[in-house]
A.B. asks: 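Once you've had a glance at the structure underneath, I'll fire off some questions.
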Amino acid sequence: MRQSSLVVVANRLPINDNVALDGACEWRRSPGGLVSALHPLLRHTPATWVGWAGGTGPAPTLPDVDGVRMHTVPLSSEDLRDHYEGFANATLWPIYHDAVEQPEHHRRWWDAYQRVNQRFAEATAQVAEKGAVVWVQDYHLQLVPGLLRALRPDLRIGFFLHVPFPPPELFMQLPRRAELLHGMLGADLVGFQRAQAAHNFAQLVTKVLGLPATDRRIAVEDRIVRIGAFPVSIDTAEMAALADRPEVADRARRLRHDLGSPEQVILSVDRMDYTKGIEQRLKAYSELLEGGHVKVRDTVLVQVAVPSRERVGQYQILRDRVEREVGRINGEFGRVGEPAIHYLTQPFDRTELAALYRIADVMAVTPLRDGMNLVAKEYVAARVDDAGALLLSEFAGAAAELSQAYLVNPHDLEGLKQGLLAALRAEPADVRARMQAMRAYLREHDIRAWARSYLSTLDQSGLLLTRLGG
Ligand code: ADP
Ligand code: F6P
């Protein structure tokens, strides 16, 4: 078994099997924030990525992707149902996102969560070199740091949570709250998107486990576990360079023409997820049309909503409701050849996404709760022309950094409508000044700065950073 000095462990590998039009199996980059963040970072680094390849049954053997070794962990159909769709996405996900949908609790799901975390820990123990740095990602694998430490005490273990970490009142609902906290404390460094999350974690560790904790350090037996906020980012330069390519500018012009050359384009790009505020946004847009504040010929909404977690009941219900609402709005306000909403559920390649970002006069990113939201950052990076207004939810992690965005509370329908109108009617000079400030911020705070800040706290020898080119 080949071993690496850097091992990233995430539920999902950066590629997914996909059935092409001719029925052949092909591998595609998986959509989602975690892959968007880590994939450019690791490229050409001698690292191993431990994760699930998206199907069930025996683990396929995958080739290296951009020089990174892929080590697949198999999931059976029971694991998929009870670990991924169950405990991860129907218990933890709603609790971690303000319980905007009702979390479900089943003992069978917890058994699967433990079993799958154990399998990931064992797979990681096999591929990590002596003294390696292991970086465990996200809520699917919260027990892995503890399990891995028991197997391999020689490793330096980091854990990073990409989603929000909830306030104690919500976390306390979890029947296995103590085990989950213990699992995370197996790491040497536990990173969160926001300082508030680190604070929530410290409070819970004291309340549930009785351990002395500050928002920076927790004493666990004979070890110190560090905690802190490390807001994740994107490869800003790469997105800017892509958006600046002549073929992307050409594609953007064609897209605008195909949309009927409207005066203004509003764009939203989400996974189809109830945390993303898609229904609230559609309602706000529909009421603006109804009130005559926006007109279909002048303004169009492009809603990209790539299906996600399609077998989880709440996601199926959401998709049905969104599609019914899009149909209703188009039926009521569209005309022949002029829909009010252009609704797309396909995965796009990066070039097409960059072209879409370039035609969006207003980018509406209005989640009810979001750990970070990398779409907001990608949009800013793509606006190499300094144009375009970002309408951003106060409840996205990105709002703590992109404070020059037009900020809204998506739970407040009137506020959302006013925010959309304000962004549509903003003075070009104001839009430009805000965009310039956000672009300058993201040039400094890109994915490499994130990795530098996290990994230099985790691995104080600095060896790893040298390898990552930091
Ligand atoms: P989340 O992590 O909840 O999925 P983020 O906004 O942080 O949300 O990240 C979503 C990532 O998925 C972004 O990098 C975005 O570009 C990508 N993405 C979203 N929709 C699509 C799509 N239709 N096709 C390809 N990539 C997409
Ligand atoms: O950030 C939350 C997250 O679960 C990421 O781990 C992942 O990139 C994204 O959402 C997509 O989710 P999934 O892997 O369930 O398709």
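Note that ligands are numbered from 1 as they come in the structure, with each ligand's atoms numbered from 1 the same way. Scope of the values below: all heavy atoms of this structure, side chains included, with no hydrogens, waters or symmetry mates.
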A.B. asks: Near R12, which atoms of ligand 2 are under 4.0 Å from a heavy atom of that residue?
C.D. replies: 13 (P), 14 (O), 16 (O)
A.B. asks: Establish, from distance only, whether the side-chain atoms of R281 and T366 form a donor-acceptor pair under 3.5 Å.
C.D. replies: yes
A.B. asks: Could you say whether the N/O atoms of L374 and ligand 1 ever approach to under 3.5 Å?
C.D. replies: yes
A.B. asks: Using a strict 4.0 Å cut-off to heavy atoms of W93, name the atoms of ligand 2 that fall inside it.
C.D. replies: 2 (C), 4 (O)
A.B. asks: Would V304 count as a polar contact of ligand 1, with the cut-off being nitrogen or oxygen pairs under 3.5 Å?
C.D. replies: no
A.B. asks: Would you mind telling me if ligand 2 is within reach of the side chain of Q137, the backbone, both or neither, using heavy atoms under 4.0 Å?
C.D. replies: neither
A.B. asks: Enumerate the atoms of ligand 2 whose separation from the nearest heavy atom of Y84 is less than 4.0 angstrom.
C.D. replies: 13 (P), 15 (O), 16 (O)
A.B. asks: Quick one: which ligand 2 atoms are inside 4.0 Å of a heavy atom on R271?
C.D. replies: 9 (C), 10 (O), 11 (C)
A.B. asks: If you measure every N/O of D370 against every N/O of ligand 1, is any gap under 3.5 Å?
C.D. replies: no
A.B. asks: Nearest heavy-atom pair of A187 and P145: which atoms, and what distance?
C.D. replies: N-CB, 3.5 Å
A.B. asks: Verify the ring-centre separation between F230 and W450: is it less than 6.0 angstrom?
C.D. replies: no
A.B. asks: Could you tell me whether a side-chain N or O of R12 sits under 3.5 Å from a main-chain N or O of G54, the two making a donor and an acceptor?
C.D. replies: no
A.B. asks: State whether the shortest distance between N or O atoms of Y139 and N or O atoms of ligand 2 falls below 3.5 angstrom.
C.D. replies: yes
A.B. asks: Give the atom numbers and elements of ligand 2 that come within less than 4.0 Å of a heavy atom of H140.
C.D. replies: 4 (O), 6 (O)
A.B. asks: Apply side-chain hydrogen bond (donor to acceptor under 3.5 Å, both in side chains) to T72 and list each qualifying residue two or more places apart in sequence or on a separate chain.
C.D. replies: none
A.B. asks: Do you know which two heavy atoms are closest between R434 and Q404, and how far apart they sit?
C.D. replies: NH1-O, 2.9 Å
A.B. asks: Please check whether S308 reaches ligand 2 - meaning an N/O of the residue sits under 3.5 Å from an N/O of the ligand, judged on distance alone.
C.D. replies: no
A.B. asks: Picking from W49, Y454, F159, F160, what satisfies ring pair (Phe, Tyr, Trp, His ring centres under 6.0 Å) with W135?
C.D. replies: Y454
A.B. asks: For H199 and D215, work out which heavy atoms get closest and say how close.
C.D. replies: ND1-OD2, 2.9 Å
A.B. asks: Atom CD of residue position E444 - does it have more than 12 heavy atoms of other residues, nucleotides or ligands inside 6.0 Å?
C.D. replies: no
A.B. asks: Does any N/O atom on K276 come nearer than 3.5 Å to any N/O atom on ligand 1?
C.D. replies: yes
A.B. asks: Would you check the N or O atoms of R309, main chain and side chain alike, for any that come under 3.5 Å of an N or O of ligand 2?
C.D. replies: yes
A.B. asks: With a cut-off of 4.0 Å, which atoms of ligand 2 are near a heavy atom of D138?
C.D. replies: 1 (O), 2 (C), 3 (C), 4 (O), 5 (C), 6 (O)
A.B. asks: Applying a heavy-atom cut-off of 4.0 Å, say which part of V163 lies close to ligand 2: side chain, backbone, both or neither.
C.D. replies: side chain
